[in-house]
Amino acid sequence: MTEEEFYLRSKAIGYEDMYFKDLTLRKFQKYISTVFIEKDGKWIKVTSSALDELYWKLDISEWCFKIVPDKDMEDNVLGKCEISEKTIKIAESQKNKKSVLQHEMIHAYEYTFDGDPVLDFYKQIIVLDLYDRLSKKISNIKKHLIYNVHGDDIIHSPLFMIKSLELDLRLNYPLGKVYGYGKEEIFTSLKCIKN
């Protein structure tokens, strides 16, 4: 790992704590860290340590970070998340772009959720939470989510889109910046921010 890659990884770890508490389940900790069990005919509250394993699975520090020469990036993309290698690659020209790293981080979390039935359950809770919060701020959010899924972009799921929009709002970016791929222009033309 080069010094620049170490710095990129450090930024990702910092972003995880600031912006991704929902995707790491930490936002929901008080709801899912306790369970009720029946003992001697009474329901008692018990703290569960099952979350520790889930947190470890979702920890961005478990990923490798690579800065790749622009010419070596497939299809001229700005970044790439490779689940099989648990690696986030960022084009050299984009290494200081916060939104590009955040875009790939969303992919990393999303790929980690896929294939794990417990995490898949929580993924649905996260989508509902994000949808509830963003529907108060973005008009026609449901229409945008449906269009995105049925448009030409199946790589970016409803969770990806809604989390990217949440980051745009939190960081005062134009809507579509974290998503990329021309979405910024589309959202600007739609004027979908609620006053």
Side-chain angles (χ1 to χ4, degrees), residues 1-27 51-127 130 145 148-168 170-171 173 176-184 186:
M1 179 185 308
T2 69
E3 187 176 324
E4 286 183 320
E5 290 169 340
F6 179 81
Y7 178 68
L8 188 66
R9 180 180 181 272
S10 298
K11 283 197 307 187
I13 292 168
Y15 294 161
E16 178 175 72
D17 188 49
M18 290 186 286
Y19 309 120
F20 292 93
K21 286 186 179 175
D22 49 1
L23 296 186
T24 62
L25 302 177
R26 283 169 170 68
K27 177 182 179 189
L51 273 184
D52 293 342
E53 184 179 337
L54 296 179
Y55 290 155
W56 176 80
K57 284 183 180 180
L58 294 166
D59 192 336
I60 202 71
S61 69
E62 295 295 316
W63 285 70
C64 296
F65 293 82
K66 294 187 179 194
I67 296 172
V68 178
D70 290 26
K71 65 180 178 53
D72 294 341
M73 292 298 286
E74 297 171 22
D75 303 321
N76 297 315
V77 295
L78 306 177
K80 186 165 180 75
C81 183
E82 294 184 352
I83 185 67
S84 61
E85 299 173 16
K86 224 171 175 186
T87 301
I88 292 176
K89 295 179 179 179
I90 303 292
E92 191 166 15
S93 64
Q94 304 299 310
K95 65 186 176 191
N96 295 316
K97 301 264 173 86
K98 192 179 205 180
S99 61
V100 173
L101 178 56
Q102 291 167 338
H103 178 110
E104 298 309 325
M105 287 176 69
I106 297 171
H107 280 308
Y109 292 116
E110 195 169 38
Y111 292 153
T112 304
F113 280 104
D114 292 344
D116 184 308
V118 175
L119 288 176
D120 185 59
F121 171 79
Y122 289 119
K123 177 176 151 180
Q124 295 175 52
I125 300 297
I126 294 166
V127 171
L130 285 165
L145 288 167
N148 184 65
V149 172
H150 293 293
D152 58 352
D153 188 3
I154 202 67
I155 294 171
H156 298 94
S157 71
L159 172 60
F160 183 95
M161 182 177 191
I162 204 163
K163 180 60 183 179
S164 71
L165 293 172
E166 187 259 352
L167 287 172
D168 290 337
R170 284 178 69 188
L171 297 166
Y173 292 158
K177 183 174 180 79
V178 172
Y179 193 109
Y181 299 103
K183 293 290 186 194
E184 201 172 322
I186 292 169

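Nothing here was measured: the structure is a model prediction, and the numbers come from that model.
A donor-acceptor pair is defined here as one N or O able to donate and one able to accept, closer than 3.5 Å; such a pair exists between the side chain of Thr87 and the backbone of Glu85. Remark: the backbone N or O of Tyr173 is not paired with any side-chain donor or acceptor of Asp168 at under 3.5 angstrom. Looking at Asp22, its side chain never comes within 3.5 Å of a backbone N or O of Leu130 through a donor-acceptor pair.
In summary, Glu4 and Lys95 engage in a salt bridge, as defined by a charged side-chain N under 4.0 Å from a carboxylate O. Ion pair Arg9/Glu5 not flagged as a salt bridge, since none of the NZ, NE, NH1 or NH2 atoms sits closer than 4.0 Å to an Asp/Glu carboxylate oxygen.
The two residues Lys86 and Lys57 come nearest to each other via the heavy atoms NZ-O, 4.2 Å. Contact record, Ile90 with Ile88: CD1-CG2, 4.0 Å, taken as the closest heavy-atom pair. When all heavy atoms of Met105 and Ala12 are compared, the pair lying nearest together is CE-O, 3.2 Å.
Heavy-atom neighbours of Lys97 NZ from other residues, nucleotides or ligands within 6.0 Å: at or below the threshold of 12. Other residues, nucleotides and ligands contribute only 12 or fewer heavy atoms inside 6.0 Å of the OH atom of Tyr7. Within 6.0 Å of atom NZ in Lys21, 12 or fewer heavy atoms from other residues, nucleotides or ligands are found, so the atom counts as exposed in its surroundings. Heavy atoms from other residues, nucleotides or ligands lying under 6.0 Å from NZ of Lys66 number 12 at most.
Side-chain atoms of Leu171 and Lys177, non-hydrogen and from C-beta on, never get closer than 4.5 Å to each other. The shortest distance between side-chain heavy atoms of Lys123 and Tyr109 does not fall below 4.5 Å. Within the 4.5 Å cutoff, the side chain of Ile162 has no heavy atoms near those of the Ile126 side chain.
Checking each of Phe113, Tyr122, Phe20 against Leu58 for a side chain to side chain contact (heavy atoms under 4.5 Å, CB included) leaves exactly one that passes, namely Phe113.
By the 30° and 60° cut-offs, the orientation of the rings of His107 relative to His103 is perpendicular. The aromatic rings of Tyr179 and Phe160 sit perpendicular, their planes meeting at an angle over 60°, well past the 30° parallel limit.
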